[in-house]
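We number each residue from 1, following the sequence as shown.
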Amino acid sequence: MDFDPWSPAFVADPYPAYAELRARGRVHWFEPTRQFLVPRHADVSALLRDRRLGRTYRHRFTDEDFGRTPPPAAHEPFHTLNDHGMLDLEPPDHTRIRRLVSKAFTPRTIERLRPYVHRLADDLVGSLVAEGGGDLLGAVAEPLPVAVIAEMLGIPESDRAPLRPWSADICGMYELNPDEETAARAVRASVEFSAYLRELIAERRASPGDDLISALIAAHDEGDRLSGQEMVSTCVLLLNAGHEATVNATVGGWWTLFRHPEQLAALRADPGLVPTAVEELLRHDTPLQLFERWVLDDIEIDGTVLPRGSEVALLFGSANRDADVFDRPGVLDLSRADNPHISFGAGIHYCIGAPLARMELAASMTALLRRAPALRPVREPERRPGFVMRGLEGLLVEV
């Protein structure tokens with residue numbers, strides 16, 4: 001199978017194509033997106049830490065320097081929102097913002113959330129069981145992480161309904177070569193989400209609470225400067241990154257378990273496997289398949305020069321199936337102890353919310369194992385058409 005991110009067959013199972021890429025070499029030029037594909041674990045891991053690559057180039061170069069056409073003016077609201085979040089910034093701006101946000105993601109803070117996360121997971125699963133089943137995505141996978149990150153940010157429950165649709169529309173722009181309809185949805189969501197957050201930030205400035213937005217305002221007032229746009233972009237990034245991958249990992253993980261009944265039986269027999277099961281499901285079918293970087297200074301990989309100004313696609317999904325790193329990489333093994341997957345990235349952009357995501361995934365899995373021990377799928381789910389963010393449209397289950 002060829003690497004074809006727009007083919008439904010490829011999206012359904014990209015792993016044979018990844019195996020071919022790894023066998024053919026360490027780096028491959030892909031003309032449709034004009035990117036270098038990097039499929040092997042050692043290279044992906046090293047390049048995530050290599051400062052000759054960046055999430056942006058605008059801290060050092062203009063679009064003209066890079067031979068790039070600036071984005072269309074109509075897309076400006078999306079790019080303004082996206083480009084001021086720490087995921088798409090490089091030092092020193094990235095360092096400054098991440099230092100502030102890190103104060104909200106200390107081990108002690110995350111641990112304080114544990115009772116809330118487990119109680120919410122138990123309540124959501126309890127409702128699913130009371131109904132006799134339903135859509136696992138809408139009933140458990142989605143509301144759990146959305147509620148947790150919204151609670152951290154201080155977004156009132158009555159305001160949370162648009163958060164997931166806004167996030168989904170914005171994240172559509174992270175797919176390869178998004179079309180104009182996708183861009184229009186992302187722009188509209190960026191405008192609406194930004195307007196909502198500016199109002200909420202103004203409210204918190206007038207009446208602070210015990211939440212992350214209030215903490216960012218306080219840090220700003222004490223001298224750790226965040227521009228108004230940086231504050232809005234940081235909140236959007238935390239909301240989007242704080243639930244998108246977790247939603248997809250939950251639903252995709254259970255679909256993987258249903259297709260490996262012997263592993264699911266082992267997990268049901270020994271819930272103590274939950275921590276390693278979470279890691280293995282993240283490795284086996286990676287929620288974020290690809291991460292992009294710009295080449296800021298020439299890099300040579302195995303005789304191929306990646307020139308400054310080119311773009312690199314780091315294939316997380318491929319790296320997590322590399323036989324040079326993982327024993328029997330195509331086999332789902334929920335007891336796998338040696339599991340250096342890179343589903344949360346590496347380097348300065350390592351996922352700041354990884355401990356929280358792990359807690360949420362373990363909480364929902366534990367609740368489902370305990371309260372729905374005979375959980376099973378009603379029918380095969382439809383896969384979302386996007387390649388970069390790997391997920392399902394839903395997962396109907398019965399208990």
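The minimum heavy-atom distance between Leu392 and Leu137, with the atom names listed, is O-CD1, 3.5 Å. For the pair Arg268 and Leu375, the tightest heavy-atom approach, listed with the atom from each and the gap, is NH2-O, 2.8 Å. Here the closest non-hydrogen pair linking Thr80 and Ser233 is O-OG, 3.8 Å. The two residues Leu176 and Trp6 have their closest heavy-atom pair at O-NE1, 3.4 Å. Of all heavy-atom pairs spanning Leu128 and Gly134, the tightest one is CD1-N, 3.7 Å. Nearest heavy atom pair, residue Ser335 against residue Thr276, reads CA-OG1, 3.9 Å.
For the residue pair Ser343 and Asn320, a side-chain donor N or O sits within less than 3.5 Å of a side-chain acceptor on the partner. Ser167 and Glu244 share a donor-acceptor pair across their side chains, judged by distance under 3.5 Å alone. Side-chain contact of Asp285 with Tyr15: a donor-acceptor pair under 3.5 Å is present, judged by distance alone. Side-chain N/O atoms of Ser45 and Arg49 include a donor and acceptor closer than 3.5 Å.
Phe316 and Phe291 have tilted rings, their planes meeting at an angle from 30° to 60° on a 0 to 90° scale. Between Trp255 and Phe258, the ring-plane angle classifies as perpendicular under the 30° and 60° cut-offs. Below 30°, between 30° and 60°, or above 60°: for His349 and His94 the angle between ring planes is above 60°, a perpendicular geometry. Between His75 and His79, the ring planes are parallel. Angles under 30° get that label, and only those over 60° would be called perpendicular.
Taking a 6.0 Å sphere around CD of Glu382, one finds it holds 12 or fewer heavy atoms contributed by other residues, nucleotides or ligands. For CG of Asp210, the number of neighbouring non-hydrogen atoms (other residues, nucleotides, ligands) closer than 6.0 Å is 12 at most. Within a 6.0 Å radius of CD in Glu64, other residues, nucleotides and ligands contribute more than 12 heavy atoms.
Residue Leu368 is not grouped with residue Leu396 when hydrophobic side chains (ILVMFWY) are merged at heavy-atom distances under 4.5 angstrom, including chains of intermediate members. Hydrophobic clustering (ILVMFWY, side-chain heavy atoms < 4.5 Å, transitive): Leu239 and Tyr116 are in one cluster. Residues Val305 and Phe36 do not share a hydrophobic cluster, clusters being chains of Ile/Leu/Val/Met/Phe/Trp/Tyr side chains in contact below 4.5 Å. In terms of hydrophobic clustering, with Ile, Leu, Val, Met, Phe, Trp and Tyr side chains grouped at heavy-atom distances under 4.5 Å, Met173 and Trp294 are assigned to different clusters. Note on Ile348 and Ile342: separate hydrophobic clusters, where clusters join Ile, Leu, Val, Met, Phe, Trp and Tyr whose side-chain heavy atoms are under 4.5 Å apart, directly or indirectly.
Atom CZ of Arg22 is separated from atom CG of Asp324 by 9.0 Å, given to the nearest 0.5 angstrom. The CG atom of Leu296 sits 7.0 Å away from the CD atom of Glu90 when rounded to the nearest 0.5 Å.
No close placement of the Phe193 and Tyr196 rings is indicated, their centers lying 6.0 Å or farther apart. Under the 6.0 Å cut-off for aromatic ring centres, Phe326 and His41 qualify, their centroids lying closer than that.
At a threshold of 4.0 Å, the pair Asp63-Arg58 counts as salt-bridged, since one of the basic side-chain nitrogens sits closer than that to a carboxylate oxygen. One finds a salt bridge joining Arg185 and Glu181 here, because a Lys/Arg side-chain nitrogen approaches an Asp/Glu carboxylate oxygen to under 4.0 Å. Asp88 and Arg55 are joined by a salt bridge, as a carboxylate oxygen and a charged side-chain nitrogen come within less than 4.0 angstrom of each other. Salt bridge status for Glu111 with Arg114: present, with a side-chain N to carboxylate O gap under 4.0 Å. The pair Arg160-Glu151 counts as a salt bridge, with a side-chain nitrogen and a carboxylate oxygen less than 4.0 angstrom apart. Arg204 and Asp211 are joined by a salt bridge, as a carboxylate oxygen and a charged side-chain nitrogen come within less than 4.0 angstrom of each other. With respect to Arg96 and Asp93, a salt bridge is recorded, a charged nitrogen being found less than 4.0 Å from a carboxylate O.
A distance-only check finds a donor-acceptor pair linking the side chain of Ser194 to the backbone of Ser190 [under 3.5 Å]. In this structure, Arg336 contributes its side chain and Asp327 its backbone to a donor-acceptor pair below 3.5 Å. Arg283 places a side-chain N or O within 3.5 Å of a backbone atom of Pro329 that can act as its donor or acceptor partner.
Annotation: side chain of Asp338 is in contact with side chain of Pro340 (closest heavy-atom distance under 4.5 Å). With contacts defined as side-chain heavy-atom distances shorter than 4.5 Å, the pair His84/Met231 does not qualify. Between Leu113 and Met152 there is a side-chain heavy-atom pair separated by less than 4.5 Å. Taking the side chain as every heavy atom from C-beta outward, His260 and Leu334 never approach each other to under 4.5 Å.
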Carefully, step by step, assess Arg370 and Asp122 under the rule salt bridge (Lys or Arg N to Asp or Glu O under 4.0 Å).
CA-CA 9 Å; Arg370 183 169 54 83; Asp122 201 60; 2.3 Å; yes

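Each of Glu292, His28, Arg293 was compared with Gln35 under the side-chain hydrogen bond (donor to acceptor under 3.5 Å, both in side chains) criterion, and only Glu292 meets it.
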